[in-house]
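Okay, so here's the structure we're looking at.
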2 protein chains.
Amino acid sequence: MKRDSKLSGILHVVLHMASLDTPVTSEKLAAMMGTNPVVVRRIMAGLRERGLVHSEKGHGGGWTIARDLEDFTMADVYAAVGAPEIFALGHRSEQPLCLVEQAVNAALDDAFAEAEALLMSRFAGVTLGALAADFRQRLKTRHQSVEEQHHDL
Amino acid sequence: MKRDSKLSGILHVVLHMASLDTPVTSEKLAAMMGTNPVVVRRIMAGLRERGLVHSEKGHGGGWTIARDLEDFTMADVYAAVGAPEIFALGHRSEQPLCLVEQAVNAALDDAFAEAEALLMSRFAGVTLGALAADFRQRLKTRHQSVEEQHHDL
DNA sequence: AAATCATGTAACATATGAAGTTACATGAAA
DNA sequence: TTTCATGTAACTTCATATGTTACATGATTT
């Protein structure tokens, strides 16, 4: 299965946008994601519909964050990218007549439903602000380790 | 993404096998699954390696269950089909240099790891025997509802 | 008002991987 | 020795996420 990386990719560029105070073009975001500007616009369109980001045409145009980073979560972004299928495992037939297959599907579906609920609650528990904070922490840690290296010399 | 249905499909046919006391050919299992015998052999090969099933060549040959249904779980079958990727969501780059992307990936990975652990524990909690029992329950319920329909006439 | 820059989006192309298929080898039973 | 069944490599098909091209729309600059 080819894995859907829209969520991962767009979270990445949205956080970059958040740290800039001027609109960012699809072209620049695409460069950050290592992809094509049209792909960026396609995905960002979903976030715009949800009111998470704003777009402006023409000179000086581009994308901006439309909401406080504390006020939306990974779950919102997941929904905004179209709530893609979470699991790479599926059923052979969705509504089987065979009772054996029904029993199997029911057992699998129960397990998947629980796992999905947990995943979603975790997504809902992480604000973009928290991700940004984690990034700043990593930045700090890296600087410290660089300083430590200098000390060692 | 095309979803991997090996687990669902093979659980289905294994339960059918379990209710028969003679070896079942790949061709018959394939008919149950609505697929090709080679596909069945390919998947069953993994179960055989794990000692879950046994195969016999030649006349009267075919596949048999090699272990008591109470003694293996959906988790064993999942492992036997090669432990395919569970999630259809992934990262754009696995080991990004960008610290923002690292923060995003870490948050996603945490959530996925928890969901996967839950899924696996649920799989491990369902024996094939439990599935077979659920099937018998469904059979009973269906017969009852058929009788009820007759009553209604 | 004309040129430029940016998004909006449809249509098409590419790439990946699960599943399906063909072909033939191996081995067991009739 | 014929028949039946698995074992497996190689190839084809199909779905679909992603990438690309092309062109329309609208905003800003000159």
Side-chain angles (χ1 to χ4, degrees), chain A residues 1-10 12-13 17 20 22-49 53-64 66 78 81-94, chain B residues 1-10 12-13 17 20 22-49 53-64 66 78 81-94:
Chain A
M1 166 182 300
K2 195 167 197 173
R3 301 168 85 193
D4 183 317
S5 63
K6 286 195 281 290
L7 178 60
S8 157
I10 215 71
H12 172 201
V13 299
M17 276 170 60
L20 302 172
T22 55
V24 189
T25 65
S26 304
E27 195 173 345
K28 285 186 181 166
L29 294 176
M32 294 173 191
M33 264 177 69
T35 184
N36 188 296
V38 175
V39 173
V40 171
R41 286 185 204 122
R42 200 142 64 196
I43 304 174
M44 292 294 271
L47 306 219
R48 186 183 48 222
E49 281 168 21
V53 299
H54 174 75
S55 65
E56 203 72 52
K57 287 181 175 177
H59 270 283
W63 300 90
T64 44
Y78 168 74
V81 298
E85 189 61 53
I86 291 170
F87 296 106
L89 304 178
H91 299 145
R92 183 155 287 265
S93 49
E94 285 312 315
Chain B
M1 159 209 306
K2 196 167 196 173
R3 302 168 84 194
D4 184 316
S5 62
K6 286 196 281 289
L7 177 60
S8 156
I10 215 70
H12 173 200
V13 300
M17 278 171 58
L20 302 170
T22 55
V24 189
T25 64
S26 304
E27 195 173 345
K28 285 185 180 168
L29 294 177
M32 294 174 191
M33 263 178 71
T35 185
N36 189 295
V38 176
V39 173
V40 171
R41 287 186 203 120
R42 199 144 63 194
I43 305 174
M44 292 295 271
L47 306 219
R48 187 184 47 223
E49 281 168 21
V53 300
H54 174 75
S55 65
E56 203 72 52
K57 287 181 176 177
H59 271 282
W63 299 90
T64 45
Y78 168 75
V81 298
E85 188 62 51
I86 291 171
F87 296 106
L89 304 179
H91 300 320
R92 183 156 288 264
S93 50
E94 286 312 316

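Naming convention: chains lettered A, B, ... in sequence-line order (proteins, then strands); numbering from 1 in each chain.
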Under-4.0 Å side-chain N/O to phosphate OP1/OP2 contact, A:Arg48 with C:dG8: yes

Below 4.0 Å: OP1/OP2 of D:dT18 and any side-chain N or O of A:Ser5: yes

side-chain N/O A:Thr35 vs D:dG19 OP1/OP2, d < 4.0 Å: yes

Phosphate-side-chain proximity, B:Arg41 and D:dG7, N/O vs OP1/OP2 below 4.0 Å: no

Pairs under 3.5 angstrom only: tabulate donor-acceptor contacts from the side chains of residues 22-40 of chain B to other protein residues two or more places apart or in another chain.
residue : atom : partner : partner atom : Å
B:Thr25 : OG1  : B:Lys28 : N            : 3.2
B:Ser26 : OG   : B:Arg41 : NE           : 3.3
B:Ser26 : OG   : B:Trp63 : NE1          : 2.9
B:Asn36 : OD1  : B:Val38 : N            : 2.9

B:Ser55 and B:Arg48: side chain donor to acceptor below 3.5 Å: yes

Strand-adjacent residues in residues 54-63 of chain A, judged by heavy atoms under 4.0 Å from DNA chain D: A:Lys57, A:Gly58, A:His59

All side-chain hydrogen bond (donor to acceptor under 3.5 Å, both in side chains) counterparts of B:Thr64, not counting sequence neighbours: none

Which nucleotide in C:dT22, C:dT7, D:dT20 has an atom nearest any side-chain atom of B:Asn36: C:dT22

Phosphate OP1/OP2 of D:dG19 contacted by B:Arg92 side-chain N/O (<4.0 Å): yes

Closest listed nucleotide, where the reference is the side chain of B:Lys6 and the choices are C:dT7, D:dA5, C:dA18: C:dA18

OP1 or OP2 of C:dA6 under 4.0 Å from side-chain N/O of A:Thr25: no

Straight-line distance of B:Leu7 CG to A:Arg92 CZ, nearest 0.5 Å: 11.0 Å

Contacts of type salt bridge (charged side-chain N to carboxylate O under 4.0 Å, His left out), residue B:Glu85, not counting sequence neighbours: A:Arg3

Length of the line joining B:His91:NE2 and D:dT18:C1', which is rounded to integer Å: 18 Å

side-chain contact (heavy atoms from CB on, under 4.5 Å) involving B:His59 - partner list, sequence neighbours excluded: none

Please list, for nucleotides 9-13 of chain D, all pairs of protein and nucleotide N/O atoms separated by less than 3.5 Å.
residue : atom : partner : partner atom : Å
D:dA10  : N6   : B:Arg42 : NH1          : 3.3

